[in-house]
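Below is one structure, written out as C-alpha coordinates; comments come after it.
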Amino acid sequence: MAGAGRDERAWVRGAQRGSASDLEALFHAHWPAAYRAAYLVIHDAALAEDVAQEAFLAAIRNLDRFDRRRPFGPWLHRIVVNRAIDTGKARALRRESELTEGDAIREDAEPPDSSVLRALGGLPPEQRAVVVLRHLLGYTPGEIARLLELPRGTVNSRLRRGLDAMRESL
Amino acid sequence: MTTRLERIEVPDAVAAEERARRVVLAAFAVREPVPRPRRRRRVAIGVVLAACAVALAAASPPGMAVVDRVREVVGVERSAPALFSLPAPGRLLVASDSGVWVVGTGGEKRLLAGYSEASWSPFGRFVVATREHELVALEPEGDIRWTLARPAPHGARWTGTRTDTRVAYVDRSGLRVVAGDGTGDHLVASAGRAPVAWRPGSAHVLAYVVADGLHVRDVDTGRVLARARSPLRTGLHTELEWSADGRRLLVVDDGVVLVFASDGTLLTRSNRESGRVIDAAFRPRSHQVLVARFRGGGQSTVSELESGRTVFSGTGVFDEITPSPDGRWLLVEWRTADQWVFVRLQGHRVIRAVSGIAKQFRGKAVVEGWCCAR
(Lines give C-alpha, C1' and ligand atoms only; values in the text may rest on other atoms or scores of the structure.)
Protein backbone atom coordinates (compact mmCIF):
# COMPACT_ATOMS: atom_id res chain seq x y z
CA MET A 1 0.00 0.00 0.00
CA ALA A 2 2.82 2.37 0.87
CA GLY A 3 4.32 1.70 -2.54
CA ALA A 4 1.03 2.43 -4.21
CA GLY A 5 0.80 5.66 -2.21
CA ARG A 6 4.27 6.68 -3.36
CA ASP A 7 3.35 5.90 -6.95
CA GLU A 8 0.22 7.98 -6.65
CA ARG A 9 2.02 10.96 -5.19
CA ALA A 10 4.56 10.74 -8.02
CA TRP A 11 1.77 10.59 -10.60
CA VAL A 12 0.03 13.60 -9.08
CA ARG A 13 3.31 15.53 -9.00
CA GLY A 14 4.03 14.56 -12.61
CA ALA A 15 0.53 15.49 -13.74
CA GLN A 16 0.82 18.85 -12.00
CA ARG A 17 3.99 19.41 -14.01
CA GLY A 18 2.19 18.54 -17.24
CA SER A 19 3.04 14.85 -17.70
CA ALA A 20 0.27 13.17 -19.71
CA SER A 21 1.62 9.70 -18.91
CA ASP A 22 1.37 10.37 -15.17
CA LEU A 23 -2.16 11.65 -15.59
CA GLU A 24 -3.00 8.52 -17.59
CA ALA A 25 -1.57 6.36 -14.79
CA LEU A 26 -3.79 8.17 -12.29
CA PHE A 27 -6.75 7.71 -14.60
CA HIS A 28 -6.20 3.95 -14.98
CA ALA A 29 -5.71 3.54 -11.25
CA HIS A 30 -8.94 5.31 -10.33
CA TRP A 31 -11.38 5.08 -13.24
CA PRO A 32 -12.74 1.55 -12.59
CA ALA A 33 -13.77 2.28 -9.00
CA ALA A 34 -15.05 5.75 -9.85
CA TYR A 35 -17.20 4.47 -12.72
CA ARG A 36 -18.49 1.49 -10.72
CA ALA A 37 -19.35 3.71 -7.76
CA ALA A 38 -21.21 6.17 -9.99
CA TYR A 39 -23.07 3.32 -11.70
CA LEU A 40 -24.13 1.76 -8.40
CA VAL A 41 -25.47 5.10 -7.18
CA ILE A 42 -27.18 6.19 -10.40
CA HIS A 43 -28.05 2.82 -12.01
CA ASP A 44 -27.62 4.22 -15.52
CA ALA A 45 -24.41 3.43 -17.38
CA ALA A 46 -24.49 6.50 -19.64
CA LEU A 47 -25.10 8.91 -16.79
CA ALA A 48 -22.51 7.14 -14.66
CA GLU A 49 -19.98 7.55 -17.45
CA ASP A 50 -20.79 11.25 -17.62
CA VAL A 51 -20.51 11.65 -13.87
CA ALA A 52 -17.20 9.81 -13.59
CA GLN A 53 -15.82 11.58 -16.63
CA GLU A 54 -16.89 14.97 -15.33
CA ALA A 55 -15.32 14.16 -11.97
CA PHE A 56 -11.99 13.52 -13.66
CA LEU A 57 -12.33 16.72 -15.67
CA ALA A 58 -13.09 18.64 -12.47
CA ALA A 59 -10.03 17.04 -10.92
CA ILE A 60 -7.91 18.20 -13.87
CA ARG A 61 -9.25 21.73 -13.57
CA ASN A 62 -8.33 21.78 -9.90
CA LEU A 63 -5.12 19.79 -10.17
CA ASP A 64 -2.86 22.76 -9.50
CA ARG A 65 -4.62 23.41 -6.21
CA PHE A 66 -4.47 19.79 -5.08
CA ASP A 67 -2.29 19.10 -2.03
CA ARG A 68 -0.20 16.14 -3.22
CA ARG A 69 0.56 15.01 0.31
CA ARG A 70 -3.06 13.88 0.49
CA PRO A 71 -4.38 10.77 -1.28
CA PHE A 72 -5.99 11.38 -4.65
CA GLY A 73 -8.71 8.71 -4.33
CA PRO A 74 -10.85 10.28 -1.59
CA TRP A 75 -10.69 13.62 -3.36
CA LEU A 76 -11.95 12.06 -6.58
CA HIS A 77 -14.51 9.82 -4.86
CA ARG A 78 -15.97 12.81 -3.08
CA ILE A 79 -16.59 14.53 -6.41
CA VAL A 80 -17.95 11.36 -8.03
CA VAL A 81 -20.32 10.44 -5.23
CA ASN A 82 -21.65 13.96 -4.68
CA ARG A 83 -22.34 14.35 -8.39
CA ALA A 84 -23.87 10.89 -8.54
CA ILE A 85 -26.20 11.71 -5.64
CA ASP A 86 -27.29 14.96 -7.35
CA THR A 87 -27.86 13.16 -10.63
CA GLY A 88 -29.70 10.31 -8.92
CA LYS A 89 -31.96 12.75 -7.10
CA ALA A 90 -32.72 14.70 -10.26
CA ARG A 91 -33.52 11.48 -12.02
CA ALA A 92 -35.82 10.31 -9.26
CA LEU A 93 -37.69 13.61 -9.26
CA ARG A 94 -38.31 13.74 -12.98
CA ARG A 95 -39.99 10.93 -14.75
CA GLU A 96 -37.99 10.19 -17.86
CA SER A 97 -39.79 11.07 -21.04
CA GLU A 98 -40.75 8.35 -23.46
CA LEU A 99 -38.96 8.42 -26.77
CA THR A 100 -41.03 9.49 -29.71
CA GLU A 101 -41.69 7.07 -32.49
CA GLY A 102 -39.08 7.29 -35.21
CA ASP A 103 -36.45 8.79 -32.98
CA ALA A 104 -34.74 5.43 -32.59
CA ILE A 105 -32.52 6.70 -29.81
CA ARG A 106 -29.80 4.30 -28.80
CA GLU A 107 -30.43 2.93 -25.34
CA ASP A 108 -28.05 1.27 -22.98
CA ALA A 109 -28.57 -2.43 -22.59
CA GLU A 110 -30.54 -3.50 -19.56
CA PRO A 111 -28.22 -4.11 -16.63
CA PRO A 112 -27.63 -7.77 -15.86
CA ASP A 113 -30.13 -9.28 -13.45
CA SER A 114 -28.64 -8.93 -10.06
CA SER A 115 -30.47 -9.14 -6.79
CA VAL A 116 -27.91 -6.90 -5.06
CA LEU A 117 -28.20 -4.32 -7.81
CA ARG A 118 -31.99 -4.38 -7.55
CA ALA A 119 -31.86 -4.13 -3.78
CA LEU A 120 -29.45 -1.22 -4.00
CA GLY A 121 -31.68 0.41 -6.60
CA GLY A 122 -34.55 0.38 -4.13
CA LEU A 123 -32.69 2.77 -1.81
CA PRO A 124 -32.72 6.57 -2.05
CA PRO A 125 -29.56 7.93 -3.72
CA GLU A 126 -28.13 9.23 -0.42
CA GLN A 127 -28.34 5.77 1.16
CA ARG A 128 -26.95 4.10 -1.95
CA ALA A 129 -23.99 6.47 -1.86
CA VAL A 130 -23.19 5.65 1.75
CA VAL A 131 -23.45 1.89 1.12
CA VAL A 132 -21.20 2.19 -1.93
CA LEU A 133 -18.63 4.30 -0.11
CA ARG A 134 -18.58 1.87 2.82
CA HIS A 135 -18.76 -1.48 1.10
CA LEU A 136 -17.33 -0.87 -2.38
CA LEU A 137 -14.73 1.79 -1.71
CA GLY A 138 -13.96 0.71 1.85
CA TYR A 139 -14.26 4.00 3.72
CA THR A 140 -15.03 4.06 7.42
CA PRO A 141 -18.17 5.90 8.58
CA GLY A 142 -15.94 8.70 9.91
CA GLU A 143 -14.24 9.07 6.54
CA ILE A 144 -17.60 9.02 4.75
CA ALA A 145 -18.85 11.75 7.08
CA ARG A 146 -15.87 13.91 6.16
CA LEU A 147 -16.18 13.16 2.42
CA LEU A 148 -19.87 14.02 2.27
CA GLU A 149 -19.68 16.75 4.92
CA LEU A 150 -22.33 15.02 7.02
CA PRO A 151 -22.60 14.32 10.76
CA ARG A 152 -21.25 10.89 11.58
CA GLY A 153 -24.60 9.94 13.10
CA THR A 154 -26.33 10.66 9.80
CA VAL A 155 -23.87 8.43 7.97
CA ASN A 156 -24.41 5.63 10.47
CA SER A 157 -28.18 5.87 10.27
CA ARG A 158 -28.19 5.97 6.46
CA LEU A 159 -25.90 2.98 6.40
CA ARG A 160 -28.02 1.02 8.86
CA ARG A 161 -31.29 1.85 7.13
CA GLY A 162 -29.84 1.10 3.73
CA LEU A 163 -28.44 -2.27 4.75
CA ASP A 164 -31.65 -3.20 6.57
CA ALA A 165 -33.72 -2.39 3.47
CA MET A 166 -31.35 -4.35 1.25
CA ARG A 167 -31.45 -7.38 3.55
CA GLU A 168 -35.23 -7.30 3.47
CA SER A 169 -35.22 -7.06 -0.29
CA LEU A 170 -32.69 -9.87 -0.68
CA MET B 1 -21.42 -7.19 0.63
CA THR B 2 -18.14 -5.85 -0.76
CA THR B 3 -17.62 -8.94 -2.89
CA ARG B 4 -21.17 -8.82 -4.20
CA LEU B 5 -20.86 -5.16 -5.14
CA GLU B 6 -17.55 -5.82 -6.88
CA ARG B 7 -19.09 -8.67 -8.87
CA ILE B 8 -21.89 -6.59 -10.35
CA GLU B 9 -21.27 -6.25 -14.03
CA VAL B 10 -21.13 -2.62 -15.14
CA PRO B 11 -22.38 -2.33 -18.73
CA ASP B 12 -20.02 -1.13 -21.43
CA ALA B 13 -17.17 -0.79 -18.92
CA VAL B 14 -14.24 -1.27 -21.31
CA ALA B 15 -15.59 1.07 -23.98
CA ALA B 16 -16.58 3.65 -21.36
CA GLU B 17 -13.07 3.62 -19.93
CA GLU B 18 -11.52 4.11 -23.33
CA ARG B 19 -13.91 6.96 -24.18
CA ALA B 20 -13.24 8.64 -20.86
CA ARG B 21 -9.49 8.16 -21.21
CA ARG B 22 -9.50 9.98 -24.53
CA VAL B 23 -11.67 12.79 -23.17
CA VAL B 24 -9.58 13.21 -20.04
CA LEU B 25 -6.29 13.22 -21.92
CA ALA B 26 -7.66 15.68 -24.46
CA ALA B 27 -8.83 17.96 -21.67
CA PHE B 28 -5.46 17.64 -19.96
CA ALA B 29 -3.69 18.60 -23.17
CA VAL B 30 -5.62 21.86 -23.34
CA ARG B 31 -5.65 22.80 -19.67
CA GLU B 32 -6.82 26.30 -18.88
CA PRO B 33 -8.30 27.01 -22.28
CA VAL B 34 -9.41 30.58 -22.87
CA PRO B 35 -13.01 30.46 -24.15
CA ARG B 36 -13.56 32.61 -27.19
CA PRO B 37 -16.69 33.47 -29.07
CA ARG B 38 -17.77 30.55 -31.20
CA ARG B 39 -18.45 32.38 -34.41
CA ARG B 40 -15.20 34.24 -34.26
CA ARG B 41 -13.33 31.00 -33.67
CA ARG B 42 -15.06 29.34 -36.55
CA VAL B 43 -14.22 32.18 -38.85
CA ALA B 44 -10.69 32.37 -37.52
CA ILE B 45 -9.97 28.69 -38.18
CA GLY B 46 -11.37 28.84 -41.67
CA VAL B 47 -9.80 32.12 -42.61
CA VAL B 48 -6.37 31.31 -41.22
CA LEU B 49 -6.24 27.99 -43.05
CA ALA B 50 -7.60 29.47 -46.24
CA ALA B 51 -5.23 32.42 -45.98
CA CYS B 52 -2.30 30.04 -45.55
CA ALA B 53 -3.40 28.18 -48.67
CA VAL B 54 -3.70 31.45 -50.59
CA ALA B 55 -0.29 32.58 -49.38
CA LEU B 56 1.33 29.31 -50.42
CA ALA B 57 -0.34 29.45 -53.81
CA ALA B 58 0.69 33.07 -54.23
CA ALA B 59 4.34 32.28 -53.59
CA SER B 60 4.65 30.38 -56.87
CA PRO B 61 4.74 32.02 -60.32
CA PRO B 62 1.31 30.62 -61.25
CA GLY B 63 0.18 31.82 -57.85
CA MET B 64 1.17 35.38 -58.68
CA ALA B 65 -1.20 35.20 -61.62
CA VAL B 66 -3.98 34.10 -59.27
CA VAL B 67 -3.30 37.03 -56.94
CA ASP B 68 -3.49 39.43 -59.87
CA ARG B 69 -6.78 37.88 -60.88
CA VAL B 70 -8.09 38.25 -57.32
CA ARG B 71 -7.26 41.93 -57.38
CA GLU B 72 -9.08 42.37 -60.65
CA VAL B 73 -12.19 40.29 -60.43
CA VAL B 74 -12.91 39.51 -56.78
CA GLY B 75 -16.45 40.39 -55.77
CA VAL B 76 -19.70 40.73 -57.63
CA GLU B 77 -19.20 43.54 -60.09
CA ARG B 78 -22.60 45.18 -59.75
CA SER B 79 -23.08 45.59 -56.04
CA ALA B 80 -24.95 48.03 -53.84
CA PRO B 81 -22.68 50.40 -51.89
CA ALA B 82 -24.69 49.84 -48.69
CA LEU B 83 -27.21 47.41 -47.24
CA PHE B 84 -30.35 49.28 -48.27
CA SER B 85 -32.66 46.33 -47.55
CA LEU B 86 -32.77 42.58 -47.00
CA PRO B 87 -34.23 40.48 -49.81
CA ALA B 88 -36.44 38.45 -47.43
CA PRO B 89 -38.48 39.18 -44.29
CA GLY B 90 -36.79 39.00 -40.92
CA ARG B 91 -33.95 40.65 -39.07
CA LEU B 92 -30.23 39.93 -38.99
CA LEU B 93 -27.97 39.77 -35.97
CA VAL B 94 -24.42 40.72 -36.86
CA ALA B 95 -21.41 40.65 -34.54
CA SER B 96 -18.57 43.02 -35.30
CA ASP B 97 -15.63 44.59 -33.50
CA SER B 98 -17.92 47.37 -32.27
CA GLY B 99 -20.65 45.14 -30.83
CA VAL B 100 -23.77 43.36 -32.04
CA TRP B 101 -25.98 44.93 -34.70
CA VAL B 102 -29.67 44.31 -35.32
CA VAL B 103 -30.47 44.88 -38.99
CA GLY B 104 -34.08 45.27 -40.07
CA THR B 105 -35.67 44.27 -43.38
CA GLY B 106 -35.47 47.89 -44.56
CA GLY B 107 -31.74 48.09 -43.85
CA GLU B 108 -32.14 50.00 -40.57
CA LYS B 109 -29.39 49.15 -38.10
CA ARG B 110 -29.14 49.39 -34.33
CA LEU B 111 -25.87 48.86 -32.48
CA LEU B 112 -25.91 46.97 -29.17
CA ALA B 113 -22.46 48.14 -28.15
CA GLY B 114 -20.03 46.12 -26.11
CA TYR B 115 -21.35 42.63 -26.80
CA SER B 116 -19.12 40.07 -28.46
CA GLU B 117 -21.74 37.63 -29.79
CA ALA B 118 -25.50 37.12 -29.74
CA SER B 119 -28.36 34.94 -30.94
CA TRP B 120 -32.10 35.27 -31.32
CA SER B 121 -34.80 33.97 -29.01
CA PRO B 122 -37.04 31.37 -30.74
CA PHE B 123 -39.52 33.94 -32.06
CA GLY B 124 -37.11 36.82 -32.50
CA ARG B 125 -38.57 38.92 -29.69
CA PHE B 126 -35.37 38.95 -27.65
CA VAL B 127 -31.65 38.58 -28.06
CA VAL B 128 -29.27 36.72 -25.77
CA ALA B 129 -25.84 38.30 -25.90
CA THR B 130 -22.54 37.88 -24.09
CA ARG B 131 -19.85 40.23 -22.94
CA GLU B 132 -16.75 39.61 -20.88
CA HIS B 133 -18.32 38.10 -17.75
CA GLU B 134 -22.02 38.52 -18.38
CA LEU B 135 -24.87 36.77 -20.13
CA VAL B 136 -27.54 39.29 -21.05
CA ALA B 137 -31.11 38.94 -22.34
CA LEU B 138 -32.31 42.09 -24.03
CA GLU B 139 -34.84 43.40 -26.46
CA PRO B 140 -33.60 44.11 -29.98
CA GLU B 141 -34.09 47.78 -29.20
CA GLY B 142 -31.48 47.48 -26.46
CA ASP B 143 -33.55 47.35 -23.26
CA ILE B 144 -31.98 44.82 -20.92
CA ARG B 145 -34.40 42.27 -19.41
CA TRP B 146 -31.98 40.36 -17.21
CA THR B 147 -28.31 39.65 -16.75
CA LEU B 148 -26.32 36.81 -15.27
CA ALA B 149 -22.72 37.25 -14.14
CA ARG B 150 -20.72 34.24 -15.26
CA PRO B 151 -17.02 33.70 -16.11
CA ALA B 152 -16.45 34.17 -19.85
CA PRO B 153 -19.86 33.01 -21.14
CA HIS B 154 -20.13 32.21 -24.82
CA GLY B 155 -22.02 30.15 -27.38
CA ALA B 156 -25.49 31.08 -26.02
CA ARG B 157 -28.50 29.57 -27.79
CA TRP B 158 -32.18 30.04 -26.95
CA THR B 159 -35.03 27.58 -27.49
CA GLY B 160 -38.61 26.92 -26.44
CA THR B 161 -42.24 27.73 -26.94
CA ARG B 162 -43.94 31.09 -26.44
CA THR B 163 -44.46 30.29 -22.76
CA ASP B 164 -41.46 28.17 -21.76
CA THR B 165 -37.93 28.81 -22.96
CA ARG B 166 -34.37 27.87 -22.05
CA VAL B 167 -30.99 29.38 -22.83
CA ALA B 168 -27.94 27.12 -23.10
CA TYR B 169 -24.47 28.60 -22.88
CA VAL B 170 -20.93 27.63 -21.97
CA ASP B 171 -18.72 29.21 -19.34
CA ARG B 172 -15.60 28.12 -17.51
CA SER B 173 -17.56 25.55 -15.49
CA GLY B 174 -18.95 23.82 -18.59
CA LEU B 175 -22.32 23.71 -20.31
CA ARG B 176 -25.09 25.50 -18.41
CA VAL B 177 -28.80 26.11 -18.93
CA VAL B 178 -30.96 28.93 -17.58
CA ALA B 179 -34.69 29.53 -18.00
CA GLY B 180 -35.75 32.24 -20.40
CA ASP B 181 -36.59 34.56 -17.50
CA GLY B 182 -33.06 34.30 -16.12
CA THR B 183 -33.92 31.92 -13.27
CA GLY B 184 -32.84 28.37 -12.46
CA ASP B 185 -29.33 28.58 -13.89
CA HIS B 186 -27.56 25.24 -13.50
CA LEU B 187 -24.68 23.17 -14.79
CA VAL B 188 -25.69 20.50 -17.29
CA ALA B 189 -22.33 18.97 -18.24
CA SER B 190 -18.92 20.13 -17.15
CA ALA B 191 -17.42 18.33 -20.15
CA GLY B 192 -19.71 20.21 -22.55
CA ARG B 193 -18.34 22.82 -24.91
CA ALA B 194 -19.60 25.18 -27.57
CA PRO B 195 -21.07 25.01 -30.10
CA VAL B 196 -24.45 23.87 -28.81
CA ALA B 197 -27.73 23.40 -30.69
CA TRP B 198 -31.25 22.86 -29.38
CA ARG B 199 -33.29 20.24 -31.18
CA PRO B 200 -36.45 21.84 -32.60
CA GLY B 201 -39.58 20.80 -30.69
CA SER B 202 -41.18 21.33 -27.32
CA ALA B 203 -38.79 19.09 -25.35
CA HIS B 204 -35.57 20.71 -24.16
CA VAL B 205 -33.10 18.50 -26.02
CA LEU B 206 -29.65 19.86 -26.58
CA ALA B 207 -26.73 18.74 -28.73
CA TYR B 208 -23.30 19.82 -27.58
CA VAL B 209 -19.69 19.04 -28.16
CA VAL B 210 -17.51 16.89 -25.93
CA ALA B 211 -13.84 16.21 -26.48
CA ASP B 212 -14.18 13.64 -29.23
CA GLY B 213 -17.75 13.87 -30.41
CA LEU B 214 -21.24 14.92 -29.50
CA HIS B 215 -23.82 14.29 -26.84
CA VAL B 216 -27.57 14.80 -27.18
CA ARG B 217 -29.19 15.33 -23.80
CA ASP B 218 -32.67 16.02 -22.48
CA VAL B 219 -31.76 18.80 -20.08
CA ASP B 220 -34.97 18.42 -18.05
CA THR B 221 -34.37 14.77 -17.19
CA GLY B 222 -30.58 14.89 -17.47
CA ARG B 223 -30.74 11.83 -19.69
CA VAL B 224 -28.18 11.44 -22.47
CA LEU B 225 -30.27 10.37 -25.47
CA ALA B 226 -27.50 9.81 -27.98
CA ARG B 227 -23.76 9.93 -28.31
CA ALA B 228 -22.05 10.39 -31.62
CA ARG B 229 -18.37 9.85 -32.02
CA SER B 230 -16.94 12.04 -34.72
CA PRO B 231 -14.85 9.79 -36.98
CA LEU B 232 -12.32 12.61 -37.15
CA ARG B 233 -12.00 12.96 -33.36
CA THR B 234 -10.26 16.27 -33.65
CA GLY B 235 -12.39 18.26 -31.25
CA LEU B 236 -12.29 21.13 -33.74
CA HIS B 237 -16.05 21.37 -34.05
CA THR B 238 -17.11 24.71 -35.39
CA GLU B 239 -20.74 24.26 -36.37
CA LEU B 240 -23.69 22.33 -34.97
CA GLU B 241 -27.18 22.60 -36.39
CA TRP B 242 -30.38 20.52 -36.34
CA SER B 243 -32.67 20.19 -39.31
CA ALA B 244 -36.05 21.84 -38.76
CA ASP B 245 -37.71 18.46 -38.01
CA GLY B 246 -35.02 17.49 -35.50
CA ARG B 247 -34.13 14.28 -37.33
CA ARG B 248 -30.73 15.29 -38.67
CA LEU B 249 -27.76 16.90 -36.96
CA LEU B 250 -25.14 18.67 -39.01
CA VAL B 251 -21.60 19.06 -37.72
CA VAL B 252 -18.55 20.78 -39.15
CA ASP B 253 -15.43 19.24 -37.69
CA ASP B 254 -11.95 20.19 -38.83
CA GLY B 255 -13.01 21.24 -42.32
CA VAL B 256 -15.33 18.27 -42.93
CA VAL B 257 -19.11 18.29 -42.75
CA LEU B 258 -20.82 15.30 -41.10
CA VAL B 259 -24.55 14.59 -40.98
CA PHE B 260 -25.89 12.35 -38.20
CA ALA B 261 -29.31 10.81 -37.61
CA SER B 262 -30.90 11.66 -34.26
CA ASP B 263 -29.70 8.34 -32.80
CA GLY B 264 -26.07 9.25 -33.48
CA THR B 265 -25.66 7.21 -36.66
CA LEU B 266 -23.37 8.89 -39.16
CA LEU B 267 -25.24 9.27 -42.45
CA THR B 268 -23.03 11.43 -44.67
CA ARG B 269 -19.66 13.10 -44.65
CA SER B 270 -17.90 15.32 -47.14
CA ASN B 271 -14.56 14.36 -48.54
CA ARG B 272 -11.51 16.54 -48.14
CA GLU B 273 -10.66 16.27 -51.82
CA SER B 274 -13.61 18.57 -52.58
CA GLY B 275 -12.09 21.30 -50.45
CA ARG B 276 -12.02 22.43 -46.86
CA VAL B 277 -15.49 23.11 -45.44
CA ILE B 278 -15.75 26.56 -43.90
CA ASP B 279 -19.46 26.48 -43.04
CA ALA B 280 -22.58 24.44 -43.70
CA ALA B 281 -26.31 24.88 -43.19
CA PHE B 282 -29.55 23.04 -43.80
CA ARG B 283 -31.87 24.49 -46.36
CA PRO B 284 -34.84 25.51 -44.22
CA ARG B 285 -37.45 22.78 -43.82
CA SER B 286 -35.36 20.14 -45.60
CA HIS B 287 -32.50 17.71 -45.05
CA GLN B 288 -30.52 19.24 -47.90
CA VAL B 289 -27.19 20.60 -46.77
CA LEU B 290 -25.46 23.61 -48.32
CA VAL B 291 -21.70 23.72 -47.89
CA ALA B 292 -19.22 26.60 -48.25
CA ARG B 293 -15.79 25.27 -49.17
CA PHE B 294 -12.39 26.67 -49.88
CA ARG B 295 -10.90 24.85 -52.84
CA GLY B 296 -7.45 24.90 -54.37
CA GLY B 297 -6.41 27.74 -56.64
CA GLY B 298 -7.91 30.42 -54.42
CA GLN B 299 -11.53 29.53 -55.29
CA SER B 300 -14.44 29.12 -52.90
CA THR B 301 -17.82 27.59 -53.63
CA VAL B 302 -21.21 27.07 -52.06
CA SER B 303 -22.74 23.80 -53.21
CA GLU B 304 -25.26 21.14 -52.24
CA LEU B 305 -23.62 18.36 -50.26
CA GLU B 306 -25.31 15.40 -51.92
CA SER B 307 -25.73 16.51 -55.51
CA GLY B 308 -22.60 18.64 -55.65
CA ARG B 309 -24.56 21.29 -57.57
CA THR B 310 -22.83 24.64 -57.25
CA VAL B 311 -25.00 27.44 -55.92
CA PHE B 312 -22.38 30.18 -55.99
CA SER B 313 -18.62 30.44 -56.49
CA GLY B 314 -16.02 33.15 -56.33
CA THR B 315 -12.36 33.96 -55.89
CA GLY B 316 -10.92 34.20 -52.41
CA VAL B 317 -12.46 33.17 -49.10
CA PHE B 318 -16.08 32.81 -48.00
CA ASP B 319 -17.03 32.77 -44.33
CA GLU B 320 -20.51 32.01 -43.08
CA ILE B 321 -23.55 31.02 -45.08
CA THR B 322 -26.98 31.84 -43.66
CA PRO B 323 -30.33 30.91 -45.25
CA SER B 324 -33.16 33.40 -44.94
CA PRO B 325 -35.98 32.33 -42.59
CA ASP B 326 -38.30 31.70 -45.55
CA GLY B 327 -35.67 29.54 -47.24
CA ARG B 328 -35.67 31.52 -50.47
CA TRP B 329 -32.32 33.26 -50.15
CA LEU B 330 -28.84 32.39 -48.97
CA LEU B 331 -26.52 35.03 -47.54
CA VAL B 332 -22.87 34.31 -48.37
CA GLU B 333 -20.25 36.33 -46.51
CA TRP B 334 -17.44 36.90 -48.98
CA ARG B 335 -14.59 38.04 -46.80
CA THR B 336 -12.02 38.61 -49.55
CA ALA B 337 -14.38 40.88 -51.47
CA ASP B 338 -15.72 42.60 -48.32
CA GLN B 339 -19.16 41.81 -49.71
CA TRP B 340 -22.34 40.08 -48.68
CA VAL B 341 -23.92 38.18 -51.53
CA PHE B 342 -27.60 37.19 -51.42
CA VAL B 343 -28.24 34.23 -53.72
CA ARG B 344 -31.82 33.25 -54.51
CA LEU B 345 -32.26 29.53 -53.96
CA GLN B 346 -35.72 29.13 -55.49
CA GLY B 347 -36.84 29.91 -59.02
CA HIS B 348 -34.38 31.39 -61.47
CA ARG B 349 -31.05 32.47 -60.04
CA VAL B 350 -30.77 36.05 -58.79
CA ILE B 351 -27.73 37.50 -57.07
CA ARG B 352 -27.68 40.69 -55.04
CA ALA B 353 -24.41 41.93 -53.58
CA VAL B 354 -23.59 44.59 -51.03
CA SER B 355 -20.08 46.08 -50.74
CA GLY B 356 -18.21 47.80 -47.96
CA ILE B 357 -19.40 45.51 -45.17
CA ALA B 358 -16.49 46.21 -42.79
CA LYS B 359 -17.05 49.95 -43.04
CA GLN B 360 -20.80 49.66 -42.47
CA PHE B 361 -20.35 47.52 -39.35
CA ARG B 362 -17.21 49.28 -38.11
CA GLY B 363 -14.98 46.24 -38.35
CA LYS B 364 -15.05 42.58 -39.33
CA ALA B 365 -18.68 41.49 -39.39
CA VAL B 366 -20.06 38.00 -38.83
CA VAL B 367 -23.73 37.11 -39.29
CA GLU B 368 -25.00 35.46 -36.09
CA GLY B 369 -28.58 34.76 -37.19
CA TRP B 370 -31.44 35.68 -39.49
CA CYS B 371 -34.80 35.59 -37.78
CA CYS B 372 -37.75 35.21 -38.17
CA ALA B 373 -40.31 34.68 -40.91
CA ARG B 374 -43.64 36.05 -39.74
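Order of the sequence lines fixes the chain letters, A, B, ..., with proteins taken first and strands second; residue numbering starts at 1 for each chain. Any value given below was found using the heavy atoms of this structure, including those in side chains, with hydrogens, waters and symmetry copies removed.
For B:Glu18, the CD atom counts as densely surrounded, since its 6.0 Å shell holds more than 12 non-hydrogen atoms of other residues, nucleotides or ligands. Enclosure of atom CZ in A:Arg161 is not indicated, since only 12 or fewer non-hydrogen atoms of other residues, nucleotides or ligands lie within 6.0 angstrom.
Across B:Ala189, B:Ala261, B:Ala16, B:Ser173, the residue that shares the most heavy-atom pairs under 4.5 angstrom with chain A is B:Ala16.
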side-chain contact (heavy atoms from CB on, under 4.5 Å) evaluation trace for B:Leu5 with A:Leu117: CA-CA 8 Å; B:Leu5 290 176; A:Leu117 190 63; over 6 Å; no

From CA spacing to verdict: side-chain contact (heavy atoms from CB on, under 4.5 Å), A:Gln53, B:Ser190: CA-CA 9 Å; A:Gln53 197 178 99; B:Ser190 59; over 6 Å; no

Test side-chain contact (heavy atoms from CB on, under 4.5 Å) applied to B:Glu9 and A:Arg36, step by step: CA-CA 9 Å; B:Glu9 188 184 332; A:Arg36 176 175 292 273; over 6 Å; no

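Of the two parts of A:Leu40, only the side chain, counted from C-beta on, holds a non-hydrogen atom closer than 4.5 Å to a non-hydrogen atom of chain B. Neither the backbone nor the side chain of A:Leu137 comes within contact range of chain B; no heavy atoms are under 4.5 Å apart.
Contacts of A:Glu143 classified as side-chain contact (heavy atoms from CB on, under 4.5 Å), with partners at least two apart in sequence or in another chain: A:Tyr139, A:Thr140, A:Arg146. Take B:Arg166 and apply the side-chain contact (heavy atoms from CB on, under 4.5 Å) test, not counting sequence neighbours, and it matches B:Thr159, B:Asp164, B:Val177, B:Trp198, B:His204, B:Asp220. When the side-chain contact (heavy atoms from CB on, under 4.5 Å) test is applied to B:Ala179, the partners found at least two apart in sequence or on another chain are B:Asp181, B:Thr183.
Within residues 19-32 of chain A, the residues approaching chain B closer than 4.5 Å by heavy atoms are, in numerical order, A:Ser19, A:Ala20, A:Leu23, A:Glu24, A:Phe27, A:His28, A:Trp31, A:Pro32.
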